Amino acid sequence: MTAKSVHRGIIVICAIICFSAGLSASPFDHFFQDKTLRIDYFHIGTASEDMVALDDMYIIDGWAGPRASKMSALNLGHYMLRLYDAASGKLIYDYTYSTLFNEWQTTDAGISGQTGAIHETIRMPLPKAPIRVELWKRDKSNAFTIKFHEQEIDPASYHIRKEAPANDIQVFDHMINGPAADKVDIAFLAEGYQHHEAGKFLQDVKRMTDALFAVSPFKDRRGDFNIRALFKPSQESGTDDPREGIYRNTILNSSFNTFDSQRYLMLFDNRSIQNMRDAAPSDVVCVLINHDRYGGGGIFNLYASTTVDNEWSEFVFVHEFGHSFAALGDEYYTSQVAYNDFFQEGVEPWERNVAANIEKGSIKWKSYLSRKIALPSDWKKAEYDQMRRNHATHIADLRNANTPAEEVAAAIAANQQEVVDFFRNHKLRDKVGAFEGAGYADTGLFRPSLNCLMFTRVAETFDPVCHDALVEVIDYWSSDGANSL
Ligand SMILES: [Zn+2]
């Protein structure tokens with residue numbers, strides 16, 4: 001066979017394959033291109049009302065998300081995007097998420113009637129034909145019944161920006177296991193690292209990644225993830241610390257004291273985050289903040305943030321990842337938070353790991369319950385609470401007496417050991433039941449297990465309910481076919 005006829009043969013085979021592919025084009029290929037449509041908008045309103053004001057739209061090469069799955073099937077998040085083909089009215093994509101706006105609504109400022117405005121972004125595969133975008137939110141019973149925004153978009157419109165992403169962001173492939181469409185793509189963003197600290201950032205990415213993949217279900221699913229580190233230098237190191245009068249010029253404008261809660265460390269400069277994110281394929285975002293004080297945060301499908309140089313940074317990262325990746329709720333109830341009634345009394349939370357209803361036949365994790373476990377499960381809560389109060393009083397007394405730092409640290413370590421022993425020796429330590437105290441509420445809300453990474457920092461695992469919620473989200477981002485549209 002001559003070289004020419006080999007070429008001709010290849011062309012014929014290619015034509016047959018291409019033709020048959022055309023006949024069996026997936027619904028995704030029928031409706032979408034392999035690009036991302038990014039819509040930026042301001043989410044504006046009060047505690048009781050909200051509206052959306054469009055800011056800008058962008059087309060970015062590549063779509064990192066799944067081709068055929070429906071996120072609404074997971075029933076997570078405060079908001080839902082529904083995308084319809086305008087001509088046929090067919091629902092062709094959906095997505096659910098939470099925001100800083102819905103958190104702001106539960107702060108003192110939100111409740112007092114002030115108007116807030118938060119910049120947000122939603123991303124979707126770029127449609128081939130005009131679409132109708134709808135935004136929905138949950139009603140008082142936590143069902144997605146309220147449509148609060150509707151908009152027609154023609155993807156061919158010249159109003160949509162098509163400029164190339166900024167080329168001043170360095171992208172490092174930390175772990176690549178396959179094409180973006182088939183994997184959970186995590187983008188780590190550098191915040192508060194100066195030019196000479198790029199190497200430190202990559203070390204911090206490695207440390208946080210190792211911490212995440214030391215825990216199930218992540219350690220069992222490592223091959224389903226891609227991890228990239230995105231670096232742009234900040235002018236100064238660190239982050240803002242308003243209560244200390246410290247303000248740093250950093251690339252993503254993070255700050256301690258979000259919503260006036262000292263260790264809540266979030267970023268309101270959404271446009272800078274999204275511009276950095278555009279430099280590489282990503283499904284989920286983590287922001288590493290170059291600071292040594294305890295702090296961070298995590299919001300479902302927004303990002304997880306943490307400082308990197310605190311002794312608890314690895315724990316904080318994995319915990320915040322639980323919030324941002326699978327919308328897991330906080331299981332603790334003792335710390336000060338910025339929210340008022342984040343979980344409405346008498347309403348079943350939609351979070352998988354926090355329950356108000358604990359009837360044996362209908363509790364949301366009923367298929368996980370241990371045999372013969374009583375609901376609520378008596379976990380010696382009064383004894384635990386008294387132990388924690390004693391610890392707090394003891395440490396406060398030492399500090400008031402100007403005790404040397406090493407002695408205070410030793411006392412904190414001894415207290416922590418007492419907490420570890422309480423959990424380790426507890427007869428319900430491996431059981432699933434209904435443990436009172438969760439979601440910032442001392443009473444009335446329940447968690448599935450005695451301890452979990454969403455409850456205390458001495459936990460080493462996610463409880464079985466959290467574990468399986470995380471698995472479902474890994475499946476969503478890494479595979480096609482389930483819950484097809
Ligand atoms: Zn938390």
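Because the structure is predicted, anything quoted here is derived from the model rather than measured. Values below: every heavy atom of this structure, side chains too, minus hydrogens, waters and symmetry copies.
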Quick check with a 6.0 Å cut-off and a 45 degree axis cone: is R447 positioned over the face of F455's six-membered ring? yes
Is there a salt bridge (charged side-chain N to carboxylate O under 4.0 Å, His left out) between D283 and R277 once you walk through the steps? CA-CA 10 Å; D283 300 317; R277 189 179 167 177; 6.0 Å; no
Can D204 and R207 be counted as an ion pair, charged N to O under 4.0 angstrom? yes
Short side-chain to backbone donor-acceptor contact, D139 and T145, under 3.5 Å: no
Lys/Arg N to Asp/Glu carboxylate O, D468 vs R352, below 4.0 Å: no
Polar side-chain atom of S478 near backbone of K183 as donor-acceptor pair, under 3.5 Å: no
Sole residue of I92, L126, I131 in side chain to side chain contact (heavy atoms under 4.5 Å, CB included) with F32: I92
side-chain contact (heavy atoms from CB on, under 4.5 Å) partners for T121, two or more places apart: R38, D40, R123, N270, Q274
Under the 3.5 angstrom rule, does the side chain of S305 hit a backbone N or O of G297 as a donor-acceptor pair? yes
Which word best sums up how the rings of F225 and F325 line up, parallel for under 30°, tilted for 30 to 60°, or perpendicular for over 60°? tilted
Test: R228 cationic atom under 6.0 Å from F188 six-membered ring centre, within 45° of axis: no
Mind checking whether F268 and F259 have parallel, tilted or perpendicular rings, split at 30° and 60°? perpendicular
Ignoring hydrogens and angles, tell me if any N or O in the side chain of E152 forms a donor-acceptor pair with the backbone of R132 under 3.5 Å. no
In terms of relative ring orientation, are Y93 and Y95 parallel, tilted or perpendicular, with 30° and 60° separating the classes? parallel
Would you find a donor on one side and an acceptor on the other, under 3.5 Å apart, between the side chain of S261 and the backbone of T258? no
Which residues share a side-chain contact (heavy atoms from CB on, under 4.5 Å) with A47, sequence neighbours left out: none
Check the side chains of H78 and S98 for a donor-acceptor pair under 3.5 angstrom, ignoring hydrogens and angles. yes
List for me each residue that meets side-chain contact (heavy atoms from CB on, under 4.5 Å) alongside A409, sequence neighbours excluded, and say none if there are none. none
With ring centroids as reference points, do F218 and F321 lie under 6.0 angstrom apart? yes
R82 NZ/CZ over W136 ring centroid, <6.0 Å and within 45° of normal: yes
Cation-pi check for F315 against R457: NZ or CZ below 6.0 Å from the six-membered ring centre and within 45 degrees of the axis, yes or no? no
Hey, mind stepping through Y41 and H149 against ring pair (Phe, Tyr, Trp, His ring centres under 6.0 Å) and telling me if it holds? CA-CA 11 Å; Y41 60 92; H149 186 73; 7.5 Å; no
K137 to F148, cation-pi by 6.0 Å centre distance and 45° axis angle: yes
Could you check whether H319 and D330, counting side-chain N and O atoms only, form a donor-acceptor pair closer than 3.5 Å? yes
Is the backbone of S237 close enough, under 3.5 Å, to the side chain of S234 for a donor and an acceptor to pair up by distance? no
